[in-house]
Amino acid sequence: MPELPEVETIVRVLRPGLEGRRFTRYTSRWAKQAVPSVAAVRRGIVGRRIRRLWRRAKYIVMDLEDAGNAARRKRIVRGADDRHPSEHLLIHLRMSGRFEWASQNKDKPRHVRAVFDLDNGRRLLFCDQRKFAKITYTTDLAAVTGKLGIEPLERRFTSAALDRVLRGRSRQLKPLLLDQTVIAGLGNIYVDEAMFRAGLHPTVRSEHLTSEETRRLRTAIRAVLRKAIRHRGTSFDEAYLGGGMQKYLDVYGRTGLPCRRCRTPIERFRIAQRGTHICPNCQPLDGKR
DNA sequence: TGGTATGTTCCAAA
DNA sequence: TTTTGGAACATACC
């Protein structure tokens, strides 16, 4: 489910309830979800304060306060300080991970895989129908996130930067845009949406884009992500937050419906095992590419 | 019953 | 070496 805009939305929603709080208890109902292990996550986070909650690509990142006692301090990586905390809890939601605050006057949430208790008595539930999500405790953030590519909403993501990405290899455009080591945070929905906005066919070879097409693609990626964040992401079922972006999708999930721009029916096919949606008229594939 | 799913990773083949 | 395809992970829904 979640791509960059959904993860960003979740971080913004959770931040007031988590920053400054301390974990008092962590229990897991799905051991394989915890990395490196349930015990290691528990040792790493219980008793620790969450200094900051932020997002890197599709990861939810919690910076943990450095340990307060001498025994723990010894274990901390050298150089850790307020600006560069050395201990982190990372959550990757994969296909179906989601957070929910425990509450008595609601139905029991389904697929609860982990429970986090906080020092103010609140309880955060982590649910994950398909059990693909990962909860990682690490003292080496770069070991987890170091291979991720550029953040598409950062200033550094210029047309020139995208141009380098596209020309540095010879791949079909869509699989390249989905590659987290190249651009970090795009998923199947927003890649399809961005390519539609840019008028580009998903199988175009990346190195063949003109500089004008590259500029259009950069603008399209940023616009679609910003719009999705503004609408709090895309919801596909009742489970998720109530984001409203699905109302504004142009191609994803609109197979057979008329293109909003030219009325041509939207087509769906498969690239790299991913359902792919295009308007064949707005996203032509000219011969040589 | 079989096909599908918004993600990632690993392996094999080209 | 790079790119691509397939399977795996695990479950629910249509």
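Residue numbers start from 1 in every chain, and the chains themselves are labelled A, B, ... in the order their sequence lines are given, proteins ahead of strands.
The P atoms of B:dG3 and C:dG6 are separated by 15 Å, rounded to the nearest whole Å. C:dA7 and B:dG2: their P atoms are spaced 16 Å apart (whole Å). For the P atoms, the distance from C:dA10 to B:dC10 is 15 Å, rounded to whole Å.
Judged by distance alone, the side chains of A:Y137 and A:E87 do bring a donor and an acceptor atom under 3.5 Å apart. Side-chain contact, A:D179 with A:T181: a donor N or O sits under 3.5 Å from an acceptor N or O.
Looking at DNA chain B, the stems built from 3 or more consecutive Watson-Crick or G-U wobble pairs, each pair with its key distances under 3.5 Å, are B:2-5 with C:11-14, B:7-14 with C:2-9.
Side-chain atoms of A:R218 come within 3.5 Å of backbone N or O of A:F157 as a donor-acceptor pair. Checking side-chain atoms of A:R42 against main-chain N and O of A:Y26 turns up a donor-acceptor pair under 3.5 Å. A donor-acceptor pair is defined here as one N or O able to donate and one able to accept, closer than 3.5 Å; such a pair exists between the side chain of A:E193 and the backbone of A:Y252.
If you take CG of A:N188 and P of B:dT8, they are 11 Å apart, rounded to a whole angstrom. Atoms NZ (A:K147) and P (B:dG7) sit 20 Å apart, rounded to a whole Å. Atoms CZ (A:R205) and C1' (C:dT2) sit 11 Å apart, rounded to a whole Å. Atom pair A:Q180:CD and B:dT8:P shows a separation of 4 Å (rounding to whole Å applied). Atom NZ of A:K134 and atom P of B:dT9 are 10 Å apart (whole Å). Rounded to an integer number of Å, the gap from A:L177 CG to C:dT4 P is 12 Å. At whole-Å resolution of the value, CZ in A:R270 and P in B:dG3 are 11 Å apart. One atom, NZ of A:K174, and another, P of C:dG5, lie 13 Å apart when rounded to the nearest Å.
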- Item | Per-nucleotide protein contact string for nucleotides 8-14 of chain C, where B marks a base within reach and S marks sugar-phosphate only (heavy atoms under 4.0 Å, - for neither) | -BBBSS-

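Cation-pi check for A:R261 over A:F196 is met; the charged atom lies under 6.0 angstrom from the ring centroid and within 45 degrees of its normal.
Note: A:Y59 and A:H92 have perpendicular aromatic rings, judged against thresholds of 30 and 60 degrees for the angle between ring planes.
Grouped with A:I278 in one hydrophobic cluster are A:F269, A:I271, the linkage being side-chain heavy-atom contacts under 4.5 Å among Ile, Leu, Val, Met, Phe, Trp and Tyr residues.
Under the 4.5 Å side-chain heavy-atom criterion for Ile, Leu, Val, Met, Phe, Trp and Tyr, A:V182 and A:L153 are members of the same hydrophobic cluster.
Checked against C:dT4, B:dT4, B:dT8, the side chain of A:Q172 finds its nearest nucleotide in C:dT4.
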